[in-house]
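Encoded as structure tokens, the structure appears first; notes follow it.
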Amino acid sequence: MAASSNSSLSGSSVSSDPEDYQPPIWKSYLYQLQQEAPRPKRITCPQEMESRPKYYGREFHGLISRERADELLAGTEGAYLIRESQRQPGTYTLALRFGGQTLNYRLFYDGKHFVGEKRFESVHDLVTDGLITLYIETKAAEYIAKMTTNPIYQHLGYTSLLRDKITHRLNRTRSERKKVTFQQDEKVHTFRGPHWCEYCANFMWGLIAQGVRCSDCGLNVHKQCSKLVPSDCQPDLRRIKKVFSCDLTTLVKAHNTPRPMVLDMCIKEIEHRGLKSEGLYRVSGFTEHIEDVRLAFDRDGEKADISANMYPDINIIAGALKLYLRDLPISVITYDVYSKFIQAAKITDPDSRLEAVHDGLLQLPPAHYETLRYLMTHLKRVTMYEKDNYMNSENLGIVFGPTLMRPPDQNTLATLNDMRYQKLIVQLLIEHEDILF
């Protein structure tokens, strides 16, 4: 399974020409495996244990044998308990059920719980992280071993190749290269929200300590990938990627906004001067200028200038908005509810179909729900000018379906088969936005 997924999720090829730059393809395979990993199930002791340390809960079963622990956990994947070792009284063992067998780990506490390098606030978090790691390493060992063979690092703005392109466009003074310096005060870094490795483009799995970060430029990579990163750190580009290609939930939390600024600013500009533009969202803007808008947002954030004085062609702004949505590591309609929306689109009864779509919307993360709601409200306004822009809900569904919905496995055949349903879902969201949201 891992080998076939690797071929279908390959990253962008590296080009020597900076003008051939393509945004990275963030790979969803490991993210999907994390979503599938067994969930922890605490096996509680029926009686109060006087010998229980104060930092353990009812999962502590006292002085019991390995065999007894195995009996208590049998048949329940992800089940766990803590026992006092019979061989070494005063020491504690975490017994965990995974892969049809009971695994035993020496458990320590020094203010935080740990069995290895990572330290956790709770045993529950430790077990959750352990199950994720065990599951991913079991299912994707071959994939992980090969994931550094096709790096996308050259595309991300840290190398001199892309730096030269940005320097040329922004007319900025070049600065000397600086070696990538990963944080020395701790071996690993904990990322809030989903993050992808900026060397191999794969998901950084686990609850905490998922990878390492360069203290100068902010490069985020797997620990194993950090050994392969070239020494070409560019500290003055540390804000690149803070908007585009950033996880949606992570971005809105970082900026304390309900929606991403790109969405608000682009929609405001389009509604101010572009609602009557023929072929709005269907007609492509000049790629070079769309890339400039992307760089402006990454560099200047909410201060980015996307006015008519800077970009007279409204299709450039519309193109930048589509690019932003397309580059999200997790699409607006997330992987875990993708199939629910596809199944909803296949329902023939109109009322039942809308009900199924509404149920799917309620399962979206708050940032994804609000982004989708705001976008659909805008697209509904676009359709009100159909006589001028020739864009009805069906046309917009064709444009935005594949942008807002991506299948988890990114299988080419599945994607082609699902396109009509993707289009229909977006069409329904636009036409019924007043009752669905």
In a table with atom names and distances, give each donor-acceptor pair under 3.5 Å that connects a side chain of residues 75-82 to protein atoms at least two apart or in another chain.
| unit_1 | atom_1 | unit_2 | atom_2 | d |
| --- | --- | --- | --- | --- |
| Glu77 | OE1 | Gly99 | N | 3.3 |
| Glu77 | OE2 | Gly99 | N | 2.6 |

Q. More than 12 foreign heavy atoms under 6.0 Å from OH of Tyr385: is that the case here?
A. no

Q: State whether Arg373 and Glu433 are salt-bridged, where the test is any N-O pair (Lys NZ or Arg NE/NH1/NH2 against Asp/Glu carboxylate O) under 4.0 Å.
A: no

(Q) Just verifying a value: how many Å separate Leu248 CG and Tyr324 OH, rounded to the nearest 0.5 Å? (A) 5.0 Å

Q: Could I get the full list of ring pair (Phe, Tyr, Trp, His ring centres under 6.0 Å) partners for Phe400, not counting sequence neighbours?
A: Tyr281

Q) Mind checking what makes ring pair (Phe, Tyr, Trp, His ring centres under 6.0 Å) contact with Tyr369, not counting sequence neighbours? A) Phe437

(Q) Salt bridge check, Glu48 against Arg52: does any charged N sit closer than 4.0 Å to a carboxylate O? (A) yes

(Q) Quick one: does any side-chain atom of Asp247 pair with a main-chain N or O of His195 as donor and acceptor, under 3.5 Å? (A) no

Q: Could you check His378 against Glu271 for side chain to side chain donor-acceptor pair (under 3.5 Å), going step by step and ending with a plain yes or no?
A: CA-CA 8 Å; His378 162 66; Glu271 294 192 351; 2.7 Å; yes

Q) So with a 6.0 Å cut-off around CD of Gln363, is the heavy-atom count from everything else above 12? A) yes

Q: Identify, with sequence neighbours excluded, every residue that meets ring pair (Phe, Tyr, Trp, His ring centres under 6.0 Å) alongside His222.
A: Trp205

Q | Min side-chain heavy-atom separation Arg83-Arg66 under 4.5 Å | A | yes

Q. Do NZ/NE/NH1/NH2 and the carboxylate oxygens of Arg294 and Asp298 come within less than 4.0 Å?
A. yes

Q. Would Tyr338 and Asp418 satisfy side chain to side chain donor-acceptor pair (under 3.5 Å), going step by step from the backbone distance to the final call?
A. CA-CA 10 Å; Tyr338 176 87; Asp418 288 350; 2.8 Å; yes

Q. Under the ring pair (Phe, Tyr, Trp, His ring centres under 6.0 Å) test, which residues partner Phe286, sequence neighbours left out?
A. His289

Q.
I want to check something: taking the side chain as every heavy atom from C-beta on, are Ile306 and Phe297 in contact at a cut-off of under 4.5 Å?
A. yes

Q | Passing option when Met376 is tested against Leu396, Leu428, Thr371, Leu404 for side chain to side chain contact (heavy atoms under 4.5 Å, CB included) | A | Leu404

Q: Return the set of residues passing salt bridge (Lys or Arg N to Asp or Glu O under 4.0 Å) with Glu394 (not counting sequence neighbours), or none when no residue passes.
A: Lys423

Q: Fit a plane to each ring of Tyr56 and Tyr92, take the angle between them on a 0 to 90° scale, and name the class: parallel (under 30°), tilted (30 to 60°) or perpendicular (over 60°).
A: perpendicular

Q.
Taking Lys118 first and then Asp129, would you say they form a salt bridge - that is, a charged N and a carboxylate O separated by under 4.0 Å?
A. yes

